[in-house]
Amino acid sequence: MPVPPQHTLQAKKLMGIVHRLQQIMVNENLTPAELVGCAEIVRNNFGRIHDISNPKIEAFIPARGPIVPPPRRP
């Protein structure tokens with residue numbers, strides 16, 4: 001008799017997080033785009049905290065567009 005596949009601890013944790021996020025989306029009336037925006041803020045803050053606590057290790061910095069100088073005044 002084959003053994004049914006077991007979920008890893010990491011997969012179980014992620015499934016729990018997904019369930020909680022879905023509940024938050026329903027209860028707070030959030031769109032998927034708003035939830036992704038929140039996740040990006042969390043990711044950026046984590047990078048900053050990680051950079052402060054480990055100054056020798058480069059933190060992930062999201063790519064930025066080209067820096068355009070302001071227009072010259074006449």
Side-chain angles (χ1 to χ4, degrees):
M1 183 182 274
V3 178
Q6 297 292 318
H7 293 292
T8 64
L9 182 59
Q10 171 111 8
K12 290 178 183 177
K13 287 179 182 180
L14 291 175
M15 285 188 278
I17 292 169
V18 167
H19 180 70
R20 285 181 283 186
L21 289 173
Q22 289 172 334
Q23 287 178 318
I24 290 169
M25 286 179 67
V26 170
N27 293 339
E28 301 297 329
N29 196 24
L30 292 175
T31 66
E34 290 170 328
L35 187 64
V36 169
C38 292
E40 289 172 350
I41 292 168
V42 170
R43 180 189 63 196
N44 292 341
N45 287 341
F46 175 81
R48 289 188 190 108
I49 291 170
H50 188 263
D51 188 37
I52 291 170
S53 62
N54 298 311
K56 294 182 181 178
I57 300 173
E58 280 188 42
F60 171 75
I61 300 172
R64 293 179 56 188
I67 298 174
V68 180
R72 300 181 93 188
R73 292 185 174 189

Discussion item. Measuring from atom CD1 of Ile41 to atom CZ of Arg43, what distance do you get when rounded to the nearest 0.5 angstrom?
Written reply: 10.5 Å
Worksheet item: If you look only at pairs with a residue in residues 5-18, which of them pass as a side chain to side chain donor-acceptor pair (under 3.5 Å), with sequence neighbours excluded?
Response: none
Worksheet item: Which pair of non-hydrogen atoms, one from Leu35 and one from Met25, has the smallest distance, and what is that distance?
Response: CD2-SD, 3.4 Å
Worksheet entry | Distance in Å, Ile24 CD1 paired with Asn29 CG, rounded so as to fall on 0.5 Å steps | 13.5 Å
